[in-house]
Amino acid sequence: ATEQILTTLKEVNLKLREIFPLIFTKGQAELYLTEEDPLTSGLDLRIELPQREIKHLNMLSGGEKALCVIALLISFYLTKPGPFCILDEVDAPLDDKNSLKFIRLLHKIKEHSQIILVTHNHNVIKEVDNLIGVTMEERGVSKVVRLKLESIYNDIK
Amino acid sequence: ATEQILTTLKEVNLKLREIFPLIFTKGQAELYLTEEDPLTSGLDLRIELPQREIKHLNMLSGGEKALCVIALLISFYLTKPGPFCILDEVDAPLDDKNSLKFIRLLHKIKEHSQIILVTHNHNVIKEVDNLIGVTMEERGVSKVVRLKLESIYNDIK
Amino acid sequence: MHIKKLEIYGFKSFPYKITLPFSKGVTAIVGPNGSGKSNILDAIKWVLGEQSPKRLRVKEISDLIYSGNNDKKIDFAEVKIVFTHDPPLIEKYKDYEEITVIRRFYRDGEGEFFINNKPCRLKDIHFLFLGLGVNPQSYGVIDQGEVNKFLEVTSKERKRFLEDLA
Amino acid sequence: MHIKKLEIYGFKSFPYKITLPFSKGVTAIVGPNGSGKSNILDAIKWVLGEQSPKRLRVKEISDLIYSGNNDKKIDFAEVKIVFTHDPPLIEKYKDYEEITVIRRFYRDGEGEFFINNKPCRLKDIHFLFLGLGVNPQSYGVIDQGEVNKFLEVTSKERKRFLEDLA
Ligand SMILES: Nc1ncnc2c1ncn2[C@@H]1O[C@H](COP(=O)(O)OP(=O)(O)OP(=O)(O)O)[C@@H](O)[C@H]1O
Ligand SMILES: Nc1ncnc2c1ncn2[C@@H]1O[C@H](COP(=O)(O)OP(=O)(O)OP(=O)(O)O)[C@@H](O)[C@H]1O
Ligand SMILES: [Mg+2]
Ligand SMILES: [Mg+2]
């Protein structure tokens, strides 16, 4: 089991080295074990951003924290693709530019994993493969509508 | 002190009776003391939505919870206007329709209270009185730009 | 393997049976605040074996059953999920191109589980999903408002995600 | 009474002095993720007397001082806030149309406070803001990601907000 944890950690960090700079230009991140023994150890994240000193993760902004989590998620899925991934409004803290980065990164893992997400963000809605609409016409009763990408888009404008 | 708490509670509930249905059509909400003695008691919120049974607040969705908090905030400020109100992305969970309701409600209290908010939401940005832009051109160094409403709007489109 | 279809009846805000077709790729569920989007994700978590009321956003498990002014008396909540199983991953179900799992919960507290329409226990469902690499508490399921959780938990809790992966 | 101007120097991501004019009504602070918007709100809370590192999103108070690769050596953090005071609310300052508060913090741990350019103690600042009905921990200051906090705290904690109001 020890062996497995160490190899997996190495693989995730390899992917993280590739993914993190796509989100934080010239940034670097690495997961590391806090103690010698992998079985009892904790896991922490070290981040380097150019010309900034990130002493601890709490200095990051709300959006930057969400972007770190997304980079880790993608690196995990590139290391071991799970059958699916379910995300409920994880893009809520993101600005326009980063919400586009988010959805484009998801496309990198959709080959092996099905992605189901809830969002209010129009930048994201524009770039998904399928849309499911939910409404509550009759009070308290949810109904589902199959949406065409162009029809939802007309509503928004 | 007891007297004061009871009168204030009555006043807030009066305002809540006016504000809450503006956010939740035909809805009603009321703050109530959990025990007899106002000095030692807790404070809870009871909500009624037409044709729905809200057994406890956790049944509400993320956006509905935020709307309840906003309704309470406005009712507090209408009862006793504080000099200012500072809100950091409280509109993040809201959909298009509700983010418009949010900013229009804020205008109800701006007469006596100065409102400073952070947002990424274009529906909200369109309806504020003043805009302050913040950027980080040089890595790690924040700069402030005075924005004209139309100029930010061109960027977004 | 991916989710092909989801059917929900009597669960949370769904008193009438609804059918949701899913396909591969990226699917977005959109709609106004309070319309039932997170409830759909709760339905998926529940049929995958989630037992914790807190993670299903209820006080008691019986709150999962629809309750409202609707004159229709709802006695039970049921969620059915259909997975594709081509190429087959589970030896026991190698002849099945699809695997169907149904979870039901009655007001009197009884629960029923079915795999490919054969009654089974919750343990069998957990076992099945373990074999498919599916876990409602894995790092790939992020609840509303919890996106930063991975960074905010203790380092020991964070390591559990790595163990999931190993 | 409202905030007329804010000046920030050496605080968090602001190594150069910046001046922010404010007016009445609703003001939105906008900009990309990580650009410094919440840092501006932290500056306001700090000059109003906030003492808790957690509410200022730092581990130690010394983390409030700018640190980065900038060759400029920053020795202290300073925030200055200017309020209008017309009609006058505080007897002591009834001849002033504006009230200026400055808070400074040096790397060696020393702190300095000024009201209308006269040195004072933190206690004086707390006292001043109490008189103006201003409190960085009031129900009117909602931090990022904490919008639902009012609903999620215990009912005893929630009552404190009502007492604030009374
Ligand atoms: N057992 C139940 N019976 C009937 N209605 C229920 C039940 N449980 C939850 N609900 C209703 O479901 C609604 C919340 O749905 P949900 O959390 O899925 O919304 P959402 O679409 O995710 O909204 P948001 O965008 O605000 O997150 C609540 O209004 C609640 O009243
Ligand atoms: N003492 C400090 N010295 C230098 N930079 C700092 C300091 N403290 C915080 N920062 C930087 O400030 C940035 C965060 O700023 P802030 O939280 O204000 O962003 P924001 O504009 O609110 O973004 P978001 O929209 O994502 O919430 C971080 O990138 C952090 O590195
Ligand atoms: Mg939701
Ligand atoms: Mg912020």
Side-chain angles (χ1 to χ4, degrees), chain B residues 1 4-5 7-9 12 31 33-34 41-45 57 62 65-66 68-69 72-73 76-77 79-80 82-90 92-93 103 106-107 110 113-120 124-125 128-136 139-144 146-147 152, chain D residues 1-3 12-16 18-41 44-45 68-70 83 132-136 138-152 154-159 161-166:
Chain B
Q4 239 177 326
I5 291 180
T7 3
T8 311
L9 183 59
V12 174
L31 285 166
L33 293 172
T34 51
S41 165
L43 184 71
D44 274 340
L45 180 70
L57 295 179
K65 278 186 185 172
C68 282
V69 172
L72 286 163
L73 184 77
F76 277 8
Y77 269 77
T79 306
K80 180 184 162 199
F84 47 82
C85 176
I86 300 177
L87 308 173
D88 198 346
E89 301 196 25
V90 297
I103 182 70
L106 286 183
H107 284 290
K110 72 176 190 189
S113 308
Q114 178 183 29
I115 297 164
I116 299 170
L117 61 88
V118 171
T119 182
H120 292 293
V124 173
I125 293 172
V128 299
D129 302 319
N130 318 298
L131 266 184
I132 292 174
V134 186
T135 62
M136 208 180 241
R139 288 214 169 271
V141 175
S142 295
K143 290 242 162 44
V144 173
R146 197 97 186 107
L147 289 171
I152 183 132
Chain D
M1 178 193 120
H2 67 272
I3 299 173
K12 290 208 171 189
S13 54
F14 296 95
Y16 303 111
I18 62 141
T19 303
L20 280 155
F22 280 99
S23 22
K24 290 192 76 145
V26 183
T27 302
I29 301 175
V30 296
N33 289 132
S35 54
K37 301 181 298 294
S38 297
N39 289 346
I40 291 172
L41 301 188
I44 296 175
K45 284 182 227 162
N69 297 7
N70 185 301
F83 290 103
L132 294 170
V134 166
N135 161 13
S138 101
Y139 51 83
V141 177
I142 300 182
D143 297 340
Q144 189 169 358
E146 310 249 334
V147 60
N148 291 340
K149 206 171 110 207
F150 184 88
L151 298 183
E152 286 161 356
T154 65
S155 52
K156 292 255 195 299
E157 279 171 85
R158 203 175 294 136
K159 206 196 75 194
F161 288 115
L162 190 69
E163 286 165 349
D164 256 9
L165 197 65

Quick check against the 3.5 Å criterion: does T7(B) have a side-chain atom that pairs as donor or acceptor with the backbone of Q4(B)? yes
Minimum heavy-atom separation for D164(D) and K80(B), please, with both atom names. O-NZ, 3.4 Å
Give, as side chain, backbone, both or neither, the part of A66(B) having an atom under 4.5 angstrom from any heavy atom of chain D. both
Under 4.5 Å heavy-atom distance to chain D, tell me which part of L73(B) shows up: side chain, backbone, both or neither. side chain
Taking all non-hydrogen atoms of both residues, which atom of M136(B) and which atom of S142(B) are closest, and how far apart? CE-OG, 3.6 Å
Among E152(D), E157(D), R158(D), side-chain hydrogen bond (donor to acceptor under 3.5 Å, both in side chains) partner for T154(D): E157(D)
Turns out that what part of I116(B) lies under 4.5 Å from chain D's heavy atoms comes down to both
For N130(B) and S23(D), the nearest pair of non-hydrogen atoms, with its separation, is ND2-OG, 3.3 Å
For I3(D), is it the side chain, the backbone, both or neither that has a heavy atom under 4.5 Å from a heavy atom of chain B? both
Go through L41(D), I18(D), D143(D) and name the one with the most non-hydrogen pairs under 4.5 angstrom from chain B. L41(D)
Nearest-0.5 Å distance that lies between atom CD1 in I115(B) and atom NE2 in H2(D): 13.0 Å
Criterion side chain to side chain donor-acceptor pair (under 3.5 Å) on D88(B) and S38(D), from CA distance to verdict: CA-CA 7 Å; D88(B) 198 346; S38(D) 297; 2.7 Å; yes
With a 4.5 angstrom heavy-atom cut-off, which part of E89(B) approaches chain D: side chain, backbone, both or neither? side chain
Please rank K156(D), Q144(D), K24(D) by heavy-atom pairs under 4.5 Å with chain B and give me the top one. Q144(D)
Checked D44(B), L87(B), L45(B), T135(B) vs chain D; the most non-hydrogen pairs under 4.5 Å come from D44(B)
Measure P21(D) against the heavy atoms of chain B and call it side chain, backbone, both or neither at under 4.5 Å. both
Who wins among F150(D), Y139(D), F22(D) for the most heavy-atom pairs under 4.5 Å with chain B? Y139(D)
With only heavy atoms counted, which part of N135(D) is less than 4.5 Å from chain B, the side chain, the backbone, both or neither? neither
Part of V124(B) within contact of chain D (heavy atom distance under 4.5 Å): neither
Please report the interatomic distance CZ(R139(B)) to OG(S13(D)), rounded to the nearest 0.5 Å. 13.5 Å
Output the option from T79(B), L57(B), L117(B) having the highest count of non-hydrogen pairs under 4.5 Å with chain D. L117(B)
Step-by-step ring pair (Phe, Tyr, Trp, His ring centres under 6.0 Å) determination, F76(B) to F161(D): CA-CA 9 Å; F76(B) 277 8; F161(D) 288 115; 7.4 Å; no
